[in-house]
Amino acid sequence: MQTVRSLFVPKWSSNVRLEGKTAIVTGANTGIGKETAKDLAARGVRVILACRDMARGEQAARDIMREVKGAKVVARQLDLADTKSICQFAENVYNTEKTLHFLINNAGVAICPYAKTVDGFEMQFGVNHLGHFFLTFLLLDLLKHSAPSRIINVSSGAHAIGRIQFDDLGGEQAYHPARAYAQSKLANVLFTRELAKRTEALGVTAYSVDPGFVNTEITRHLWRPLADTVKSVGFLIRTPAEGAHTNIYCLVTAENLLLTGGHYNVCCYRWSSDERLDGKTVVITGANTGIGKETARDLARRGARIVMACRDLERAEEARTDILEDTGNENIVIRKLDLSDTKSIRAFAELVIKEERQVNILINNAGIMMCPHSKTADGFELQLGVNHLGHFLLTHLLLDLIKRSAPARVVVVASVAHTWTGLRLDDINSEQSYDTMKAYGQSKLANVLFARSLAKRLQGTGVSVFSLHPGVVQSDLWRHQHQCIQVAVKIFRIFTKTTVEGAQTTIYCAVEPGLESQSGGYFRAASDDDLAEKLWEVSCNMLGITWQ
């Protein structure tokens with residue numbers, strides 16, 4: 001059971017200290033907010049618990065001070081459904097605090113019956129988006145004064161099914177609790193995206209996060225049968241402490257390893273871009289199925305020449321035919337590549353160097369997951385050999401051509417599984433002991449570390465390197481899993497990505513302009529700039545504020 005749970009609830013930890021910093025956490029009297037506040041207090045941060053219910057807020061402060069030695073925690077009144085309360089809270093902050101380094105916009109309501117805020121906004125949009133939008137607006141001068149500072153907007157995987165109903169933001173024409181919630185969570189993501197653009201030069205960075213499916217009070221409005229179902233699968237649901245991990249990650253991780261405006265630990269999303277790749281050549285490993293195939297399809301639509309590097313040529317030909325019929329791009333070729341055999345890798349690289357004048361993008365996508373113990377043709381443990389060493393050698397062999405093609409990119413498809421274990425350097429080939437999950441996690445950690453080291457070595461060459469987590473994706477990778485795990489994945493497919501959705505972060509890293517400064521980073525998402533700017537303007541109009 002713990003094995004199944006670990007697939008949906010990855011572990012993460014950090015020992016970074018933050019003495020001398022000040023943070024505000026909204027909705028900090030319970031759930032994710034309280035656990036975020038407790039974690040920050042343990043790192044030496046002065047934490048202001050911004051709570052609607054002061055009795056519960058003060059109790060939360062006492063709880064944290066009892067559990068964390070030396071914790072500096074205070075509770076302050078904040079009702080995000082009332083702009084007057086927000087103004088009073090902000091005024092109190094300016095009167096009592098000299099600095100503000102972290103603003104965690106965490107509070108929220110979910111899937112509740114129709115209601116309005118004090119100011120007449122639909123409750124979920126008003127609290128989850130507009131309340132935090134206004135609070136951030138009021139506190140931004142203090143955040144700029146305290147730079148470098150960070151803003152975290154807690155969103156949800158539900159944003160993926162959200163649409164901004166600009167003609168009915170108040171839900172007055174038609175109201176559905178889940179649809180209104182998804183809209184408010186999409187607004188969080190779009191707000192973050194636009195905020196990041198406007199504040200990056202000021203030393204203020206912004207991130208939106210998906211904490212995952214967490215067992216908190218926010219589910220109290222769920223339909224009773226659904227609530228009972230949630231309880232029955234509680235072992236797969238994150239605890240509030242686990243749900244707080246993504247908040248903390250975005251607060252303590254070095255700024256150069258994060259993308260301001262990015263959305264972290266998202267469970268599913270769609271991303272769009274009209275960036276063209278005409279005249280560019282892309283090599284994609286494992287392009288005959290899953291994420292690789294959908295990446296190839298997308299980049300073919302953009303006009304790129306696609307080299308599909310595949311072990312199974314028959315399936316590759318089927319994929320090529322499918323992509324050709326879909327995109328009309330005839331500039332797609334198939335080449336044999338078996339990443340478990342260094343002879344095949346060398347032969348493939350030799351052919352590419354001979355046939356291609358350039359390689360502008362190399363996408364190291366192919367992989368295997370949690371398979372029974374076996375070895376590559378060269379005697380390496382199979383997961384390490386294919387997922388890491390095979391791509392390591394392939395990149396090495398193609399690197400001169402990639403550098404001559406600069407500006408160019410290398411994209412390494414990793415996984416959140418890289419947090420499951422460390423590198424077992426004393427038994428990296430798993431000869432002393434073998435655990436399918438640890439071996440897989442080690443290979444994915446190797447992907448992330450390889451991307452980071454390669455980025456450093458390629459500084460100044462015009463080649464950027466990115467690693468990424470595509471999410472839990474419905475793909476062939478699950479074929480080696482125990483039947484109960486495969487069943488669990490099917491049951492919880494609502495929380496997993498399709499292969500098209502899983503390909504989005506790969507495509508983002510391959511085509512998004514301006515990522516060069518983030519070379520070496522680990523990515524999880526993107527969003528729509530035009531929609532973000534429009535929502536920004538509408539939000540300002542609704543609140544009657546001017547925010548340039």
Would you check if [X] and [Y] make a side-chain contact, meaning some heavy-atom pair closer than 4.5 Å?
X	Y	value
L138	C87	yes
I151	T199	no
H129	F121	no
K534	I164	no
L251	I104	yes
W547	L140	yes
L515	Y508	yes

Test your reading of the model: is there a side-chain donor-acceptor pair from [X] to the backbone of [Y], 3.5 Å cut-off?
X	Y	result
Q442	R424	yes
K185	V154	yes
Q183	F125	no
R43	V16	yes
N447	N387	yes
D210	S155	no
S184	Y181	yes
E122	Y114	no
T22	H101	no
S519	E516	no

Taking everything shown except [X] itself, do over 12 heavy atoms lie less than 6.0 Å from its [atom1]?
X	atom1	result
K438	NZ	no
E91	CD	no
E200	CD	no

| query | When you look at L40 and I248, which way does the side-chain contact (heavy atoms from CB on, under 4.5 Å) test go after all the steps? | reply | CA-CA 8 Å; L40 291 177; I248 303 302; 4.2 Å; yes

For this session: Would you please test S208 and H263 for side-chain hydrogen bond (donor to acceptor under 3.5 Å, both in side chains) and show each step?
Result: CA-CA 5 Å; S208 63; H263 182 67; 2.7 Å; yes

Straight-line distance of [X] [atom1] to [Y] [atom2], nearest 0.5 Å:
X	Y	atom1	atom2	value
L445	S415	CG	OG	11.0 Å
N29	I64	CG	CD1	10.0 Å
L18	R46	CG	CZ	15.5 Å
L78	D53	CG	CG	12.5 Å
T83	Q88	OG1	CD	9.5 Å
T506	E294	OG1	CD	11.5 Å

Can you give me the closest heavy-atom contact between [X] and [Y], atom names plus distance?
X	Y	value
L130	L543	O-CD1, 3.9 Å
A451	V412	CB-CG2, 4.3 Å
L195	A206	CD2-CB, 3.9 Å
V109	C112	CG2-SG, 4.4 Å
F89	I24	CZ-CG2, 3.9 Å
Q518	N256	OE1-O, 3.7 Å

Fill in: Worked check of side-chain hydrogen bond (donor to acceptor under 3.5 Å, both in side chains) between R56 and Q59
CA-CA 5 Å; R56 297 186 69 187; Q59 181 59 54; over 6 Å; no

task = Applying side-chain hydrogen bond (donor to acceptor under 3.5 Å, both in side chains), run through T36 and N106 and close with a yes or a no.
result = CA-CA 9 Å; T36 299; N106 162 82; 5.5 Å; no

- List the steps, then state whether side-chain contact (heavy atoms from CB on, under 4.5 Å) holds for S539 with F134. CA-CA 9 Å; S539 300; F134 190 40; over 6 Å; no

Stepwise side-chain contact (heavy atoms from CB on, under 4.5 Å) check, T205 with L259: CA-CA 9 Å; T205 52; L259 176 66; over 6 Å; no

Q.
Angle between ring planes, Y249 versus Y264, binned at 30° and 60°: parallel, tilted or perpendicular?
A. tilted

| In terms of the angle between their ring planes, are F133 and W536 parallel, tilted or perpendicular, with boundaries placed at 30° and 60°? | perpendicular

Could K197 and E194 be called an ion pair, given the rule that one side-chain N must be under 4.0 Å from one carboxylate O? yes

Fill in: side-chain contact (heavy atoms from CB on, under 4.5 Å) between T295 and V413, intermediate numbers included
CA-CA 11 Å; T295 300; V413 179; over 6 Å; no

